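Okay, structure first, notes after.
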Amino acid sequence: MIPPAPPSDVAGLAREVDGLRRELILLRVLPGRVDELSRLLADLAETVTALRARSTTPAPSWLMAPTDATTTGTLLDELAAWLRAIYLRYPDAAESFPDCWCWHPHVIEELLWLMYAWAAAYQGPSASVALAGEWHDRWRPGVVRRIKATAGICSQENHQDRRGWPEVPTGAPVVPGEDQLGALAEWWAGRRDERAPEPPPRSSVINDALGGTR
């Protein structure tokens, strides 16, 4: 007959069995954790891809468009097609849309970026309901409001050269004080702690704008 093991040996064996049981439990759940990590990595990869896809094509600028009639003609043709298909379908946009819109460079600039914002919201790689909602709620009403405020009451007749009719400013705008920028740049670069150079008297500025002193 085999003598019974001492109590200390039994206790030690019990601890070993318990340790093995715990290791077996960890081994059983390990495949599940590996699968979970795999899913997390896959989700992370999709997120990174989506973030990269959000880099949409930048909108062209009418104010900085190349001096090429083909390029400017293409921009206007594409914009006119989009105005007919989308923008002018909205009553508030149609009501405030001047027939001389293409004579206003700032209006074309506004409409171009709005068209590209619409394309990004509906057709781009990052198109989403959120972007579409933002286009409807913020971007389109803002452009409509600014066009109405700056050109809504204008017409093609205002751009015709007629005696007694108000003249709409055209051409490159004049930057006030541009002839003083060199002196100001020199002062700011080396003597900014000293008194700034004085601008010329207003009368001489007005005479220069009119083409010289009288």
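In this text, all values refer to a predicted model and were calculated from it rather than measured experimentally.
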| said: Distance to the ring centre below 6.0 angstrom and angle to the axis at most 45 degrees; does that hold for Arg140 and Tyr87? | reply: no

query = Are Cys100 and Asn158 side-chain neighbours, meaning at least one heavy-atom pair lies under 4.5 Å?
reply = no

Rounded to the nearest 0.5 angstrom, the SG-NE2 distance for Cys102 and His159 is 8.5 Å

Heavy-atom donor-acceptor pair, Trp139 side chain to Ala132 backbone, under 3.5 Å: no

For Ser61, is there any backbone N or O sitting under 3.5 Å from a side-chain donor or acceptor partner on Trp113? no

Residue pairs passing the salt bridge (Lys or Arg N to Asp or Glu O under 4.0 Å) test with at least one member in residues 74-89, sequence neighbours excluded, are none

When rounded to the nearest 0.5 Å, the distance separating OG of Ser155 from CH2 of Trp103 is 10.5 Å

Problem set entry | Within one Ile-Leu-Val-Met-Phe-Trp-Tyr cluster: Trp62 and Met115, side-chain cutoff 4.5 Å | yes

Check: Leu131, Tyr116: one ILVMFWY side-chain cluster at the under-4.5 Å cut-off?
Finding: no

Review point. If we only count heavy atoms from C-beta on, is the Pro98 to Lys148 side-chain gap below 4.5 Å?
Key: no

Apart from Leu181 itself, members of its ILVMFWY cluster (side-chain separation under 4.5 Å) are none

Between Ala183 and Pro197 the two heavy atoms that sit nearest each other are O-CG, 4.2 Å

All heavy atoms of Ala65 vs all of Leu75, minimum pair found to be CB-CD1, 4.3 Å

In short, Thr71 meets Pro66 closest at the heavy-atom pair CG2-CD, 3.9 Å

Practice problem: For Thr72 and Asp68, indicate whether the former's side chain and the latter's backbone hold a donor-acceptor pair under 3.5 Å. | Solution: yes

Q | Parallel, tilted or perpendicular, as decided by the 30° and 60° cut-offs, for the rings of His106 and His104 | A | perpendicular

(request) May I ask you to test the Val144-Phe97 pair for a side-chain heavy-atom distance under 4.5 Å? (result) no

His136 and Tyr90 have their tightest heavy-atom pair at CE1-OH, 2.8 Å

Applying salt bridge (Lys or Arg N to Asp or Glu O under 4.0 Å) to Glu134 and not counting sequence neighbours gives Arg138

Quick one: does Glu109's side chain have a donor or acceptor within less than 3.5 Å of a partner on Leu63's backbone?
yes

Self-check item: Backbone N/O of Ile147 and side chain of Glu110: donor-acceptor pair under 3.5 Å
Solution: no

Taken to the nearest 0.5 Å, the spacing of Tyr122 OH from Ile86 CD1 works out to 8.0 Å

So, do Trp101 and Cys154 sit near enough that their side-chain heavy atoms are less than 4.5 Å apart? no

Rounded to the nearest 0.5 Å, the CG atom of Leu111 sits from the CG atom of Leu76 at a distance of 10.5 Å

#### Entry: Trp188 side chain vs Arg192 backbone, donor-acceptor pair below 3.5 Å
no

